[in-house]
Structures are given as structure tokens and as C-alpha cells.
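I have placed the structure first, in the form of C-alpha cells, so that the comments after it can refer back to it.
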There are 2 protein chains.
Amino acid sequence: MSKMQKKQDIIDHAFELFYDQGFNTGVDAIMADTGISKRTLYKYFPSKEVLIAELVEHYRVNVIPLLRAEVERVSPDPKGRLIALFDVRQAKFTEGCFRGCFAVSAKLEYACRNAQIEAASEAMMADMNGLMRAFCEMTGHPDPDTLTAQAMVLFNGAVVAAQASRSAKPFDTAKGILRVLLSFPLP
Amino acid sequence: MSKMQKKQDIIDHAFELFYDQGFNTGVDAIMADTGISKRTLYKYFPSKEVLIAELVEHYRVNVIPLLRAEVERVSPDPKGRLIALFDVRQAKFTEGCFRGCFAVSAKLEYACRNAQIEAASEAMMADMNGLMRAFCEMTGHPDPDTLTAQAMVLFNGAVVAAQASRSAKPFDTAKGILRVLLSFPLP
DNA sequence: CGAAAAGTAAACCGATCTGTTTACATAACG
DNA sequence: CGTTATGTAAACAGATCGGTTTACTTTTCG
């Protein structure tokens with residue numbers, strides 16, 4: 001196994017652990033899960049917080065293009081991609097594969113405590129905003145800026161409401177609102 | 001100082017600490033902040049997690065009526081109370097006095113780990129839903145159930161987006177959407 | 001082959017955590 | 001006054017944490 005593969009292996013296991021058990025999971029769990037010693041872990045990552053920052057960066061670099069590709073596959077019509085974005089996330093949530101935005105969780109956990117993690121989270125959120133804006137523009141809506149801000153509120157609201165209520169219904173609600181906004185675009 | 005006053009004193013200090021420093025704050029900080037010894041703390045609360053569960057319960061019992069009263073004060077007209085609820089939360093956020101829903105934070109932190117805290121959080125969220133529904137009914141909207149679900153998504157979305165972006169703008173966005181929904185009530 | 005690199009397992013460090021206990025001071029109250 | 005409850009301060013227990021180091025084994029590769 002090459003160096004890059006091993007580093008990727010650590011990233012994959014650590015991400016899974018932090019994603020569904022929270023950032024207070026100990027490094028011992030990562031070692032055991034990945035099957036490496038502590039010395040190796042600290043050879044690849046100088047500290048746990050640097051590892052987390054790299055996880056957020058990895059999330060940004062991988063999830064955004066993956067999400068875009070999946071939305072384009074589900075909705076060949078560009079006009080429908082805004083709704084399709086919600087559909088894709090809702091489907092992942094229903095399958096139990098989606099547990100909220102990793103970057104948002106990291107940002108809330110390390111707010112005012114770790115600048116590197118905060119910066120990585122902000123970069124991810126900026127990318128997400130860009131993706132949302134691209135889909136909003138495709139709808140032909142006359143005010144894509146406003147629509148983007150609205151869609152971000154709806155997206156975040158659906159995610160957190162779904163997490164808290166353990167139900168995918170908030171996604172249906174959010175999509176219903178989006179359709180209203182697309183039909184009556186002038187607040 | 002009576003027993004109840006002292007217990008309340010602990011609750012107040014612990015709540016403040018957990019609210020803006022997270023649930024991983026140590027009990028030592030609570031002792032120092034309240035000005036009591038560890039023995040006294042553990043006389044009133046058998047464990048840290050029980051204390052947190054009682055904090056969530058205390059949040060529910062106090063915040064909901066307070067919120068309702070404040071909204072009624074701001075909006076004498078029942079029809080405007082749904083928007084006023086967002087205004088009140090936005091104002092608290094702008095003043096720096098609002099840092100998200102304590103119950104949602106607790107639920108996300110102790111999901112699948114502490115049933116008592118989870119139950120208290122769910123009770124709080126149910127009360128919040130009831131408050132939201134009452135305000136939705138006052139608007140005269142023909143489908144208060146749907147409106148309530150929509151308002152909850154918007155509220156949660158505004159809160160988390162505001163927290164993540166350190167800006168109150170998402171509240172304006174959410175209120176704009178609400179006004180649209182109230183004007184064009186049929187999706 | 002044989003040296004260098006990279007790995008594991010485990011001890012270890014110092015700090016921190018929840019929670020208990022001991023020793024002592026203080027206040028209430030008959 | 002003396003007893004009892006209630007408090008503090010601090011030591012202590014046992015665990016876990018992030019992180020380092022040591023001793024030894026495996027792999028890689030000229």
C-alpha cells in the first residue's frame with residue numbers, strides 16, 4: 001500500500017468515525033478502526049485537529065463534485081436541478097447515509113477554538129453556496145441571488161429538522177416551498 | 001439562600017457555561033463559576049448528564065412561555081405573531097444573546113447516548129412546534145398544519161445558517177419566504 | 001544479502017475528566 | 001452550649017485523552 005493510499009485509508013476511517021460518533025471520538029478508535037499504530041497515525045497527521053481540518057478539506061474537495069455529478073445524473077434538465085439537489089440529499093438521508101453537513105458540524109464544534117478547521121469549514125460552505133447558486137441560475141429565476149439565499153436557508157432547515165426529528169419529511173416541506181418560490185418569484 | 005435558590009443558582013450558571021462553551025465544559029468550571037464545591041454540586045445533581053437533562057427541561061419550561069410573552073408584546077395583532085417570532089429570535093441573535101436552540105444542540109450531542117437528555121430535548125421541540133402552530137393558526141392561513149411544518153423548516157434553517165455564517169441575514173430571508181407563503185398559500 | 005525505512009505494540013507522560021471521600025469550618029437550632 | 005446539618009477545600013480514585021518514546025519486527029529496495 002502506497003503512502004497516499006495509506007493516508008487515504010486513515011482519512012476514510014477517521015471520517016466515518018467522526019461523522020457518526022462526533023468529534024470527541026478518541027484517536028485510539030481511529031487507530032483500531034484503521035488497523036494502524038499510534039506512531040503511524042501521528043506520522044501522517046501531526047495532531048488530531050490537523051486531521052480534522054484535513055477531513056473537512058477532503059469533504060469539500062470530494063463531496064461537492066460528487067453532489068454536482070449525482071444531481072446532473074438525476075436531472076438531465078438544468079431547470080430541475082435545484083429541486084434534484086434536495087432529492088439527492090433526501091435520498092441519502094432516507095438510506096441513513098447522510099448525517100448532516102460535516103463542515104457545519106465541525107464549524108459549530110470548533111467555533112472560536114481552531115482557526116484552521118473554521119477556515120476549511122468556511123471554504124466548504126462557500127463551495128456549497130456556489131453549487132446552489134449555479135443550480136438556482138439554471139432555473140431561469142429573475143433574481144438568482146435572492147433565490148440562492150432562500151434555497152440555502154431551506155436546505156439547512158431541512159437537514160437540521162430531519163436530523164432532529166429523524167424523519168425525511170422536512171425535505172418534502174422544503175421542496176414544496178421551493179416550488180412556490182419558483183412559481184411566485186417576487187416577494 | 002434556600003435550597004431551591006441554590007439549585008437555581010447552579011442551573012443558571014451551568015446553563016450559561018454549556019450554552020456558549022459546549023457540553024464538554026468540565027464540572028470544575030461550573031463549580032468555580034457558581035462558587036460551590038464539588039460535593040455540593042453532586043448533592044443537587046447525581047451526575048453531569050442528569051444536570052444537562054434538567055437544564056434542557058428548565059429551558060423548555062422557561063423559554064417557551066417567555067418567548068410567547070415576548071412575541072405577544074411585540075405583536076399585539078395575532079396575525080403578525082408568526083413573523084414576530086422570527087423577529088424576536090433575530091433580535092436576540094443580533095444582540096449576541098441567542099446561540100441556537102439549547103435542546104437541539106443537546107439532542108445532536110447526546111443522540112443515541114443518553115435517553116433522558118434525548119427525551120427532554122424532544123419535549124422541548126414538541127412544545128416549540130406547538131407554539132409555532134398556535135402562531136400559524138392565528139394568521140388565518142387555510143392549512144395551518146402545512147404552514148407549521150414550513151415555518152419550522154424556515155426557523156431551523158435561519159438559526160443554523162445564522163450560526164454558521166455569523167450573520168442575521170438568514171432571518172430576513174426566512175421572513176421573506178414566510179410572507180410569500182402567507183400571500184400564496186396554495187403550493 | 002544487507003542496510004534503511006516504515007511498521008507494530010506497548011509503555012509512558014502529563015493533563016483532564018467525572019465522581020468519591022476525608023478533614024475541617026460554619027451556621028442553624030433545640 | 002452542644003448537636004446536627006450543610007458547607008468548603010482538597011486529596012484521591014479510576015478512567016480517558018492527546019501525544020511521545022522505546023524496543024522490536026517487517027517491508028522495501030539498492
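Chain A is the first sequence line, chain B the second, and so forth, proteins listed ahead of strands; every chain is numbered from 1. Keep in mind the model is a prediction, meaning the values are calculated, not measured.
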Checklist outcome for this item: Its contact letters, B for base, S for sugar-phosphate only and - for none at protein heavy atoms under 4.0 Å, make nucleotides 20-27 of chain C read B-BB----

Next on the checklist: Distance check needed: D:dG7 P versus B:Lys43 NZ, whole Å only.
Outcome noted: 6 Å

Item to check | Any residue meeting side-chain contact (heavy atoms from CB on, under 4.5 Å) with B:Lys79, in chain and number order, not counting sequence neighbours | outcome: B:Asp77

Item to check | Atom-pair distance (CD1 on B:Ile30; C1' on C:dT16), nearest Å | outcome: 15 Å

Item to check | Under 3.5 Å side-chain donor-acceptor pair for B:Gln163 and A:Lys107 | outcome: no

Item to check | Side chain of B:Lys48 - closest among D:dG18, D:dT8, C:dG19 | outcome: C:dG19

Next on the checklist: Test of understanding: clusters of I, L, V, M, F, W, Y form through side-chain heavy atoms closer than 4.5 Å, transitively. Do A:Leu108 and B:Ile52 belong to the same one?
Outcome noted: no

Checklist entry - Under 3.5 Å, side chain of A:Thr34 to main-chain N/O of A:Met31, donor-acceptor pair present? => result no

Checklist entry - Nearest-Å distance, CD1 (B:Ile52) to C1' (C:dC17)? => result 13 Å

Item to check | Whole angstrom value for the distance that separates P of D:dG19 from CG of A:Asp28 | outcome: 12 Å

Item to check | Atom pair distance, as rounded to whole Å: CG in A:Leu17 and C1' in D:dC17 | outcome: 16 Å

Item to check | Whether B:Arg81 side chain and B:Ser75 backbone form a donor-acceptor pair below 3.5 Å | outcome: yes

Checklist entry - Does any donor atom in the side chain of B:Asn114 or B:Glu118 lie under 3.5 Å from an acceptor atom in the other side chain? => result no

Checklist entry - Could you give the NZ-to-C1' distance, from A:Lys6 to C:dA6, as a whole number of Å? => result 8 Å

Checklist entry - Reckon A:Phe45 touches a base, only the sugar-phosphate, or nothing at all at heavy-atom distances under 4.0 Å? => result nothing

Next on the checklist: Is the phosphate of D:dT8 approached by B:Thr40 (side-chain N or O, under 4.0 Å from OP1 or OP2)?
Outcome noted: yes

Checklist entry - Between A:Phe23 (CZ) and D:dC17 (C1'), how many Å, whole number? => result 17 Å

Checklist outcome for this item: In this structure, CG of A:Leu178 is separated from OG1 of A:Thr139 (nearest 0.5 Å) by 9.5 Å

Checklist outcome for this item: Separation of D:dT8 atom C1' from B:Asp9 atom CG, nearest Å, is 16 Å

